[in-house]
Trainee: 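The structure that follows is given in the form of structure tokens.
Along the sequence shown, the residues carry numbers beginning at 1.
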Amino acid sequence: MSVTRPTQSYRQGVQQDPVVERRRVVIPNSRGEKLVGILHETGSKQLVIVCHGFQSTKERIPMVNLAAALEREGISAFRFDFSGNGESEGSFLYGNYRKEAEDLRAIVQDFRTKGRVITAIIGHSKGGNAVLLYASKYNDIIIVINISGRFNLKRGIEGRLGLGYLQRIKQNGFIDVKNKKGKLEYRVTEESLMDRLSTDIHAACRMICQDCRY
């Protein structure tokens, strides 16, 4: 069961545009973790869901700007935090690609029970991978937009984890990623790394229905 809480209402522009209400919505995923998002309510039955990227949140500029652009066109939008990110419950994991697709599934199903028509799902960066994986499994949304999601997930790992990352993680069971000041940012476990390496975005795209626009 989802929970909603009003945040703000305002009128846009100099014309008498419809009131846009933004409110906080909490929706549980299949594991019972609470996913927190902001609904940009324009009164339209149609709804677009916006997904953030790696180590990001619903409050980052791309997600806020995408939702605001949609609301200016009179289209309701929902931006939310994946489990383990932002305000949502759960633990942050380096891989987690399929779990994030299931988080998205929980959001879609919740809004559908409220009579909404999900017209599109948009993902930025890692969120782009989530929307593609979702579409490959469920094939129930006709517009899927991937913005800068990595196509080959085996690339880019060495830049984050360093040389010999496979040998080191098999030896120690994890790799700690630190920032330039030496502060721990996140821990990569062998399981989460294997999750990424075993996620084939090319194969997922081939499974998306040909009627889908992506």
Side-chain angles (χ1 to χ4, degrees), residues 2-29 34-83 85-88 100-150 205 208-209 211-214:
S2 62
V3 178
T4 62
R5 182 181 302 167
T7 55
Q8 60 179 323
S9 297
Y10 59 94
R11 291 184 181 274
Q12 297 178 309
V14 296
Q15 301 295 327
Q16 290 297 308
D17 294 337
V19 171
V20 175
E21 181 183 20
R22 295 183 182 180
R23 63 177 186 265
R24 188 174 184 269
V25 179
V26 180
I27 299 171
N29 65 12
K34 294 178 180 178
L35 307 176
V36 181
I38 299 295
L39 176 63
H40 295 238
E41 180 62 86
T42 67
S44 70
K45 187 176 181 181
Q46 290 75 29
L47 179 70
V48 175
I49 299 173
V50 180
C51 304
H52 66 77
F54 180 71
Q55 277 199 300
S56 186
T57 76
K58 64 185 180 304
E59 303 300 340
R60 294 294 292 271
I61 290 174
M63 277 54 69
V64 175
N65 286 351
L66 282 167
L70 289 163
E71 73 180 23
R72 285 194 294 270
E73 298 299 319
I75 302 170
S76 295
F78 183 69
R79 51 187 169 91
F80 73 100
D81 294 326
F82 285 115
S83 54
N85 293 268
E87 294 184 275
S88 292
E100 290 186 352
E102 293 307 310
D103 283 350
L104 177 55
R105 180 63 172 174
I107 299 296
V108 169
Q109 288 182 311
D110 186 87
F111 277 107
R112 281 180 174 160
T113 64
K114 299 169 183 171
R116 295 283 188 163
V117 176
I118 312 301
T119 54
I121 48 178
I122 303 175
H124 176 256
S125 188
K126 189 184 178 193
N129 298 123
V131 300
L132 292 174
L133 290 169
Y134 177 96
S136 72
K137 183 173 181 179
Y138 295 106
N139 277 305
D140 60 354
I141 295 174
I142 61 171
I143 300 176
V144 178
I145 301 174
N146 165 28
I147 303 173
S148 301
R150 188 181 292 276
C205 289
I208 298 174
C209 177
D211 293 333
C212 176
R213 295 162 58 190
Y214 68 97

Trainee: How many angstroms lie between atom OG of Ser44 and atom CD of Glu73, to the nearest 0.5 angstrom?
Mentor: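 One gets 11.5 Å once the value is rounded to the nearest 0.5 Å.
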Trainee: Treating Ser136 as the side-chain partner and Cys205 as the backbone partner, does any N or O pair qualify as donor plus acceptor under 3.5 Å?
Mentor: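 Here the side-chain-to-backbone pair does not exist.
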Trainee: I need the Thr57 OG1 to Met63 CE distance, nearest 0.5 Å.
Mentor: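 Answer for the OG1-CE pair, Thr57 versus Met63, is 6.5 Å.
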Trainee: Without swapping roles, check the side chain of His52 against the backbone of Phe82 for a donor-acceptor pair under 3.5 Å.
Mentor: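 Side chain of His52 to backbone of Phe82, a donor-acceptor pair under 3.5 Å: yes, one is there.
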Trainee: Going by heavy atoms in the side chains, are Thr42 and Leu70 under 4.5 Å from each other?
Mentor: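 Side chain of Thr42 against side chain of Leu70, heavy atoms only: no contact under 4.5 Å found.
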Trainee: Just to verify, which of Ile49, Val144, Ile122, Ile147 counts as forming a side chain to side chain contact (heavy atoms under 4.5 Å, CB included) with Val131?
Mentor: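 When side chain to side chain contact (heavy atoms under 4.5 Å, CB included) is applied between Val131 and each of Ile49, Val144, Ile122, Ile147, only Val144 qualifies.
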Trainee: Please determine, by modelled atom types, if Ser125 and Ser148 share a side-chain donor-acceptor pair under 3.5 angstrom.
Mentor: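 No donor-acceptor contact under 3.5 Å links the two side chains.
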Trainee: Please report the shortest heavy-atom distance between Leu133 and Ala101, naming the atom on each side.
Mentor: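 Heavy atoms of Leu133 and Ala101 come nearest at CB-CB, 4.1 Å.
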Trainee: How long is the span from the CD1 atom in Ile118 to the CD1 atom in Ile143, to the nearest 0.5 Å?
Mentor: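 Going from CD1 on Ile118 over to CD1 on Ile143, the span is 12.0 Å.
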Trainee: To the nearest 0.5 Å, what is the distance between CG on Leu132 and CD1 on Ile145?
Mentor: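 With rounding to 0.5 Å, CG (Leu132) is 11.0 Å from CD1 (Ile145).
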Trainee: Determine, step by step, whether His40 and Arg79 satisfy the side-chain contact (heavy atoms from CB on, under 4.5 Å) criterion, reporting the C-alpha distance in whole Å, the side-chain angles of both residues, the deciding distance to 0.1 Å, and the verdict.
Mentor: CA-CA 8 Å; His40 295 238; Arg79 51 187 169 91; 2.8 Å; yes
Trainee: So which heavy atom on Ala106 is nearest to which on Pro28, and how close?
Mentor: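 Looking at all heavy atoms of both residues, the shortest contact is CB-O, 3.7 Å.
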Trainee: Could you give the distance from CD (Glu100) to SG (Cys51), rounded to the nearest 0.5 Å?
Mentor: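 Reported value, rounded in 0.5 Å steps: 8.5 Å.
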Trainee: Please tell me whether Asp103 and Tyr134 have a donor and an acceptor in their side chains that are separated by less than 3.5 angstrom.
Mentor: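 Not at all, the side chains of Asp103 and Tyr134 share no donor-acceptor pair under 3.5 Å.
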Trainee: What's the separation between atom NZ in Lys58 and atom CD in Glu87, rounded to the nearest 0.5 Å?
Mentor: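 Going from NZ on Lys58 over to CD on Glu87, the span is 3.5 Å.
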Trainee: Contact between Arg24 and Ile38 at the side-chain level, heavy atoms closer than 4.5 Å - yes or no?
Mentor: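 In contact.
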Trainee: Is Val48 close to Thr119 at the side-chain level, that is, under 4.5 Å between some pair of heavy atoms?
Mentor: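 Yes, close enough: below the 4.5 Å cut-off.
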Trainee: Taking the side chain as C-beta and beyond, is there a heavy-atom pair between Val25 and Phe80 under 4.5 Å?
Mentor: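 No - every pair of side-chain heavy atoms lies 4.5 Å or more apart.
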Trainee: Just wondering, more than 12 heavy atoms not from Arg105 lying within 6.0 Å of its CZ?
Mentor: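 Result for CZ/Arg105: enclosed.
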Trainee: So, Asn139 side chain and Cys209 main chain: donor-acceptor pair closer than 3.5 Å or not?
Mentor: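 Yes: the side chain of Asn139 pairs with the backbone of Cys209.
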Trainee: Using only atom types and a distance under 3.5 Å, with no angle test, would you say the side chain of Ser76 pairs donor to acceptor with the backbone of Leu47?
Mentor: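 Such a contact is absent between Ser76 side chain and Leu47 backbone.
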Trainee: Walk me through it: do Ile141 and Cys212 pass the test side-chain contact (heavy atoms from CB on, under 4.5 Å)?
Mentor: CA-CA 7 Å; Ile141 295 174; Cys212 176; over 6 Å; no
Trainee: Walk me through it: do Asp140 and Arg112 pass the test side-chain contact (heavy atoms from CB on, under 4.5 Å)?
Mentor: CA-CA 12 Å; Asp140 60 354; Arg112 281 180 174 160; 2.7 Å; yes
